[in-house]
Amino acid sequence: MITFLILLPIIAYGLLILIFAQRFVFKEIIEAFVKAHIVIFAFIAVSTELISLMQVISFTGLLIPWMLFLLICIIILIKNRKNKNIRFPSFNGINPFTLFIYGALFLILITTLLTAILFPPSNWDSMTYHMPRVIHWITNNNISFYTTAITRQNYQMPLAEFAIMHLQVLTGFDLYANLVQWVSFFVLIGLGFLVASEQGLSRRQQMISAIIIATIPMAILQSSSTQNDLVVSSFIMSFGLFMLRLRKRNNVENLLFSGIALGLALLTKGTAYIFCAAIGISLAIPILLDQLKNHTRFIKVIGSLSLIVIIALSLNTGHLLRNYNLYGHPLSTEGERYQNQDMSLTALIVNIARNSALHLGTPSSRVNQYMESSMESVWGYQLNNPKTTFESISFYIPFSRHEDTVGNLVHMLFILISVIILPVMLSLGYFRKVAWYGIGVMLGAFFSV
């Protein structure tokens, strides 16, 4: 019977959707799901830290917070029930293009969901990093650091594994561990609609944005794993969405969701510091420029942006302190392993070239070897420069269906075309709303190579 407690987070999502959706129309349901996703993971982050302090990570120790959380949601829903405008989505007059997109999204989601449920965690990262830390936490009844030869189990950001731990303790199995990534995959697809809508794109362009996200090969493969790339991406993109909204409406809701989404992203994976900094700065600039002539509003905006950072860091306090107490650094000193030792312009260009080349893999090993030789003739030793290569891994162009190494040629071509065309379109007066967001995404990509 304990297995049925998987219904607790499902019910929580449902209640929060009812709370946040003023009308039951497509866009508001998707937006409510994104907000529910942020609130539930914030609850997981805070509750895990609290019960760990009390040394009660156990079935009862987790069940009580979840029951209290659901009770609060029910009370809020009852108080707000009179403000709802019940109008369910209408599918009358749906055109063939829309029907095709919805059908494709449904097929991708149902296939990946079945894979996530039927096949337990089995990849290298799951066995050596993600799942072992969950077992240690459950065994120790807390999330304190422990003795291990695989130190990233301690210092790496823990939020995705917090969620896996909640599911595993409540249900007694690791059967649902992959659902943390799958739900984040679903949220990312919904964010494709919302971010495109926020930037003034048409309904068809919103659907194209969503299907582009849904068909990323690595996203499809990772949606049925316990890795954390989709989890962190869902919060990075949520942060971008509410920062876009903050420019239009500097209100409490957008400020809180921006800060919480940023905090959850930072608590999920270290790469979020790079991407969130790039997106956050690029989207903060137009907000500040809009209020430059009004000193009172300018100071207010500065305060709002500062509060977002404070909220984000407060969610990370526990993990940052654990790292500081052990390493003398809030992000640990082992992070240096992942940093380029050569920060020159040449190193940056070579990294961009070889990271792009990873998406060129074909089923023909001969073609792949030819491309590798061509790269070596241009860049020489820089392709395997130990100062810019993680653990001296040799450069090669793979053709892979594995979630760690699968390429993404079609989407990369879309990105390259966009980089070329967007400046021209901006000079002609088109797509100006997407400029700052696009700059943030590209800066994040450049700084992360």
Side-chain angles (χ1 to χ4, degrees), residues 1-10 40-41 43-66 115-184 221-232 264 267-270 316 318-323 325-327 331-332 334-335 402-404:
M1 294 298 293
I2 185 177
T3 306
F4 288 100
L5 290 178
I6 187 63
L7 293 175
L8 288 179
I10 295 174
I40 287 174
F41 272 83
F43 160 72
I44 289 172
V46 174
S47 63
T48 301
E49 291 285 353
L50 291 176
I51 62 176
S52 176
L53 286 174
M54 296 183 285
Q55 303 283 321
V56 289
I57 290 182
S58 61
F59 176 76
T60 304
L62 283 172
L63 181 61
I64 292 174
W66 272 99
T115 305
I117 293 175
L118 294 175
F119 301 98
S122 60
N123 65 18
W124 175 262
D125 266 357
S126 295
M127 298 295 97
T128 62
Y129 161 40
H130 299 291
M131 299 304 291
R133 69 196 314 201
V134 171
I135 297 301
H136 275 287
W137 295 336
I138 295 172
T139 302
N140 298 337
N141 299 120
N142 61 60
I143 56 173
S144 299
F145 287 178
Y146 50 86
T147 303
T148 174
I150 305 175
T151 52
R152 60 182 176 145
Q153 292 177 13
N154 282 326
Y155 68 80
Q156 293 280 26
M157 310 310 174
L159 181 59
E161 293 80 15
F162 282 176
I164 293 172
M165 181 187 68
H166 278 241
L167 294 178
Q168 188 155 332
V169 171
L170 290 173
T171 64
F173 299 97
D174 66 2
L175 182 67
Y176 304 111
N178 296 329
L179 291 182
V180 176
Q181 279 267 93
W182 185 85
V183 170
S184 299
L221 292 171
Q222 285 204 20
S223 64
S224 55
S225 78
T226 60
Q227 291 164 283
N228 54 17
D229 299 87
L230 297 180
V231 183
V232 70
L264 297 177
L267 191 58
T268 304
K269 192 163 186 172
N316 286 262
H319 187 69
L320 296 178
L321 283 175
R322 286 189 291 274
N323 266 332
N325 289 335
L326 181 60
Y327 295 98
L331 299 179
S332 90
E334 297 202 23
H402 191 275
E403 59 263 32
D404 289 338

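Just so you know, these numbers use all the heavy atoms, side chains as well, and skip hydrogens, waters and symmetry mates.
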Asker: For S52, what residues pass the side chain to side chain donor-acceptor pair (under 3.5 Å) criterion, not counting sequence neighbours?
Answerer: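 So S52 forms no side chain to side chain donor-acceptor pair (under 3.5 Å) with any residue.
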Asker: For S224, what residues pass the side-chain contact (heavy atoms from CB on, under 4.5 Å) criterion, not counting sequence neighbours?
Answerer: T115, A116
Asker: Check side chain to side chain donor-acceptor pair (under 3.5 Å) between S184 and all other residues, then give those that pass, not counting sequence neighbours.
Answerer: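 S184: no side chain to side chain donor-acceptor pair (under 3.5 Å) contacts found.
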Asker: Listed by chain and number, what are the side-chain contact (heavy atoms from CB on, under 4.5 Å) partners of N123, not counting sequence neighbours?
Answerer: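 side-chain contact (heavy atoms from CB on, under 4.5 Å) check on N123 returns D125, S126, S225, Q227, E403.
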Asker: Salt bridge (charged side-chain N to carboxylate O under 4.0 Å, His left out) with D174: which residues, sequence neighbours excluded?
Answerer: none
Asker: Please list all pairs passing the salt bridge (charged side-chain N to carboxylate O under 4.0 Å, His left out) test where one or both residues lie in residues 135-151, with sequence neighbours left out.
Answerer: none
Asker: Which pair of non-hydrogen atoms, one from A160 and one from V231, has the smallest distance, and what is that distance?
Answerer: CB-CG2, 4.2 Å
Asker: Sequence neighbours left out, what passes side chain to side chain donor-acceptor pair (under 3.5 Å) with Q168? Give chain and number order.
Answerer: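 Applying side chain to side chain donor-acceptor pair (under 3.5 Å) to Q168 gives none.
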Asker: With sequence neighbours left out, which residue pairs that include part of residues 136-147 fulfil the salt bridge (charged side-chain N to carboxylate O under 4.0 Å, His left out) condition?
Answerer: none
Asker: If you look only at pairs with a residue in residues 129-138, which of them pass as a side chain to side chain donor-acceptor pair (under 3.5 Å), with sequence neighbours excluded?
Answerer: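 Applying side chain to side chain donor-acceptor pair (under 3.5 Å) to every pair that reaches into residues 129-138, excluding sequence neighbours, yields H130-E161, R133-E161.
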Asker: Please list, chain by chain and in numerical order, all residues satisfying side-chain contact (heavy atoms from CB on, under 4.5 Å) with L50, sequence neighbours excluded.
Answerer: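 L50 satisfies side-chain contact (heavy atoms from CB on, under 4.5 Å) with V46 once adjacent residues are dropped.
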Asker: Quick one: list whatever passes side-chain contact (heavy atoms from CB on, under 4.5 Å) with L321, sequence neighbours left out.
Answerer: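 Partners of L321 under the side-chain contact (heavy atoms from CB on, under 4.5 Å) test: T317.
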Asker: Report the residues that fulfil side chain to side chain donor-acceptor pair (under 3.5 Å) with N141, sequence neighbours left out, ordered by chain and then residue number.
Answerer: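 Side chain to side chain donor-acceptor pair (under 3.5 Å) check on N141 returns nothing, list empty.
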Asker: Counting C-beta onward and ignoring hydrogens, is there a side-chain heavy-atom pair between H319 and N323 closer than 4.5 Å?
Answerer: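 In short, these two side chains touch, coming nearer than 4.5 Å.
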